[in-house]
Amino acid sequence: MEQTLFAGYHKIKVTPPLGLPVPGYFAQRTSDGIVSDLFVRCTAFAQGEKKALVFSLDALSLNAQAFEIISDMITEATDVEKDGIYITCVHSHTAFRVQKPSDQWSDTDIFLRWLFKQFATCAKLALEDLKPCTVKSAKGEAKGVGFVRVYRMKDGSVRTNPGFGNPDIVEPLSQQDEQVQLIRVVREGGSEILMVNFGTHSDSVGGSKYCADWPGYLCDTLENAFDGQADAMVLVGAQGNSNHMDFFKPKGTPYKSVELYAKRMARVLAGEVLKIYDEAADCESSLAYGSRIAKVGKNDYDPATVPMAQELVDLYKKYGNYNEPIFDTYPMKVPEANRIINNLSRPEFFELRISGLQLGGIGFIGIPGEPFVSIGMDIKENSPMETTWVTSQTNGSQGYYPDALAFAQKDGYERTSSPFAPNCARILVEAGLALLEELK
């Protein structure tokens with residue numbers, strides 16, 4: 001007999017104090033305002049003895065050490081197994097990075113210690129909100145929201161973000177995934193929960209003020225559309241080589257504008273969600289979860305380049321950004337230098353936690369970092385389940401995962417900065433598909 005599925009929801013505002021670092025862009029930024037508040041959102045599921053927690057956090061990333069600490073705190077507070085904890089970050093570049101606090105008591109360390117406790121609180125309150133539910137699912141398509149940001153140029157080189165209207169662009173190196181996926185969690189006596197999956201960078205705002213970027217505005221837009229009778233959360237899909245900029249076009253209007261771009265993206269995506277909302281089909285009532293460890297080697301380097309890489313890393317620490325003229329005198333870029341120096345002290349293999357969830361026959365695969373769009377598409381296309389979600393920055397954040405086509409090139413930001421071996425895409429796809437087979 002099919003057991004009843006229950007769902008609960010809660011969210012907590014986690015906007016940090018002003019004056020803390022805003023990570024990203026290889027430059028030092030200090031928060032000096034708030035464009036929109038940041039939240040941790042949690043949807044809890046329960047069926048019989050099984051319980052699972054799906055989080056969406058308005059942050060750039062959450063590293064593996066932080067996940068271990070947070071998941072232990074959640075398990076202690078709720079008895080939910082570690083495999084049943086699924087924490088995704090929206091990867092906003094105007095938020096914060098979640099890492100293990102240091103032994104110091106800086107403002108950042110104090111905030112992180114407080115933040116870790118909010119996960120357990122959010123989980124407990126979501127579980128207290130459990131109500132019988134049914135699950136519905138739908139798929140749509142949104143064009144003009146995400147674009148592959150890695151291009152082949154006329155001289156045969158490959159460039160990431162080559163500039164608007166660049167006449168030397170030939171073509172994008174791969175294809176954008178324009179699929180939008182919706183899960184409706186319809187609860188008896190409670191607000192409906194809308195879960196949305198779409199893959200592109202959350203990097204359309206810029207500046208030094210806190211903002212959840214398009215995922216936050218998408219939640220606001222959907223919740224307003226339902227007059228507060230629905231709660232929304234976004235699980236960002238595979239997005240390592242995708243952002244909001246179409247470089248075939250001239251810049252024209254400001255792309256780094258909250259009003260013109262983050263909110264526009266949210267409106268386009270919300271429009272597609274509303275379009276497919278009534279088409280959502282009933283799913284079975286089922287719940288399962290699990291994980292696998294995928295072993296991936298290191299991105300190799302020439303030992304002769306180590307001294308130059310160390311020089312660049314030291315210069316970056318000195319200047320705090322790589323826009324100084326001195327960096328133009330080196331044939332190597334700072335991201336590649338960081339990768340070389342960091343890989344010197346890393347073990348031979350990375351152990352990557354691939355997280356899996358099965359909800360109503362819908363498969364979820366969470367990857368700890370930024371997989372290229374093609375990785376998500378390969379997993380979805382070959383999945384043993386009719387509907388599959390692939391999410392980035394899930395239960396860890398260990399770097400970019402370029403595909404084989406990107407590794408076949410000599411350049412490109414993601415390919416040269418990634419710490420992983422060229423077969424990382426194949427290993428991730430194989431691990432994801434094997435985990436889906438176990439969960440179906």
Side-chain angles (χ1 to χ4, degrees), residues 26 61-68 83 89 91 99-100 150 158 160 173-174 199 237-242 290-310 312-313 331-356 365-379 382 390-438:
F26 287 92
S61 60
L62 177 151
N63 72 16
Q65 279 186 311
F67 169 72
E68 291 299 323
D83 275 355
C89 292
H91 198 54
Q99 56 197 15
K100 179 183 178 182
V150 184
V158 169
T160 300
L173 198 61
S174 56
Q239 43 67 283
N241 57 334
S242 168
S291 66
R292 292 176 72 91
I293 298 298
K295 287 191 173 185
V296 176
K298 295 192 292 188
N299 192 349
D300 206 0
Y301 56 89
D302 182 352
T305 63
V306 171
M308 182 188 298
Q310 188 63 63
L312 281 165
V313 168
M332 181 186 295
K333 302 298 183 184
V334 171
E336 181 178 4
N338 278 335
R339 182 257 298 175
I340 291 171
I341 298 304
N342 289 335
N343 270 3
L344 287 174
S345 58
R346 285 169 171 152
E348 183 179 357
F349 288 95
F350 293 89
E351 293 192 349
L352 308 176
R353 182 188 183 91
I354 310 301
S355 303
I365 291 295
I367 296 175
E370 302 184 65
F372 269 31
V373 170
S374 62
I375 294 174
M377 295 174 76
D378 284 349
I379 292 174
N382 295 287
V390 177
T391 64
S392 59
Q393 302 286 10
T394 304
N395 292 348
S397 179
Q398 293 176 256
Y400 284 103
Y401 303 97
D403 55 23
L405 179 60
F407 272 112
Q409 316 305 313
K410 294 181 180 179
D411 37 28
Y413 163 67
E414 300 85 358
R415 178 252 183 273
T416 56
S417 65
S418 172
F420 306 112
N423 64 348
C424 64
R426 176 178 59 79
I427 291 173
L428 289 179
V429 171
E430 290 175 353
L433 293 175
L435 185 51
L436 289 168
E437 283 286 352
E438 293 174 9

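Throughout, residue positions are numbered sequentially from 1 according to the sequence presented. Any value given below was found using the heavy atoms of this structure, including those in side chains, with hydrogens, waters and symmetry copies removed. Bear in mind the structure is a predicted one, so any value in this text is a computation, not a measurement.
- Between E336 and Y301 there is no side-chain heavy-atom pair separated by less than 4.5 Å.
- I367 places none of its side-chain heavy atoms less than 4.5 Å from the side chain of T394.
- Nearest heavy atoms, E414 versus P402: O-CG, 3.7 Å.
- Of the possible donor and acceptor atoms, one in the side chain of N63 sits under 3.5 Å from a partner among the backbone N and O of A66.
- Atom CZ of R353 is separated from atom CG of D83 by 5.0 Å, given to the nearest 0.5 angstrom.
- For S392 (side chain) and G237 (main-chain N/O), a donor-acceptor pair under 3.5 Å exists by modelled atom type.
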**Working for side-chain contact (heavy atoms from CB on, under 4.5 Å), residues Y413 and K333** = CA-CA 9 Å; Y413 163 67; K333 302 298 183 184; over 6 Å; no
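- Nearest heavy-atom pair across T391 and G366 is OG1-CA, 3.4 Å.
- Contacts of S417 classified as side-chain hydrogen bond (donor to acceptor under 3.5 Å, both in side chains), with partners at least two apart in sequence or in another chain: none.
- Put simply, CG on N299 and SG on C424 are 8.5 Å apart, with the number rounded to the nearest 0.5 Å.
- The nearest pair of heavy atoms linking S355 to N395 is OG-ND2, 2.8 Å.
- Side-chain atoms of V158 and V150, non-hydrogen and from C-beta on, do get closer than 4.5 Å to each other.
- Closest of all the heavy-atom pairs between I365 and G356 is CD1-CA, 4.4 Å.
- The CD atom of Q310 sits 4.0 Å away from the CD1 atom of I341 when rounded to the nearest 0.5 Å.
- Side chains of R346 and P419 form a contact here, defined as non-hydrogen atoms less than 4.5 Å apart.
- In this structure, K100 contributes its side chain and Q65 its backbone to no donor-acceptor pair below 3.5 Å.
- Atoms OH and OG1, from Y400 and T160 in turn, are 8.0 Å apart once rounded to the nearest 0.5 Å.
- Aromatic ring orientation, F420 versus Y401: parallel (interplanar angle below 30°, classes split at 30° and 60°).
- S61 and Q393 make their closest contact through CB-OE1, 3.8 Å (heavy atoms, listed as atom of the first residue, atom of the second, distance).
- Annotation: the span from M332 atom CE to M308 atom CE amounts to 5.5 Å, rounded to 0.5 Å.
- Nearest approach of I379 to L433, heavy atoms of both residues: O-CD2, 3.6 Å.
- Taken from CG in L428 to CG in D403, the straight-line distance is 11.0 Å, to the nearest 0.5 Å.
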**Item:** Chi angles and distances behind the side-chain contact (heavy atoms from CB on, under 4.5 Å) call for S374, L405
**Value:** CA-CA 10 Å; S374 62; L405 179 60; over 6 Å; no
**Request:** Decide yes or no on side-chain contact (heavy atoms from CB on, under 4.5 Å) for N241 and L173, but give the supporting numbers first.
**Result:** CA-CA 9 Å; N241 57 334; L173 198 61; over 6 Å; no
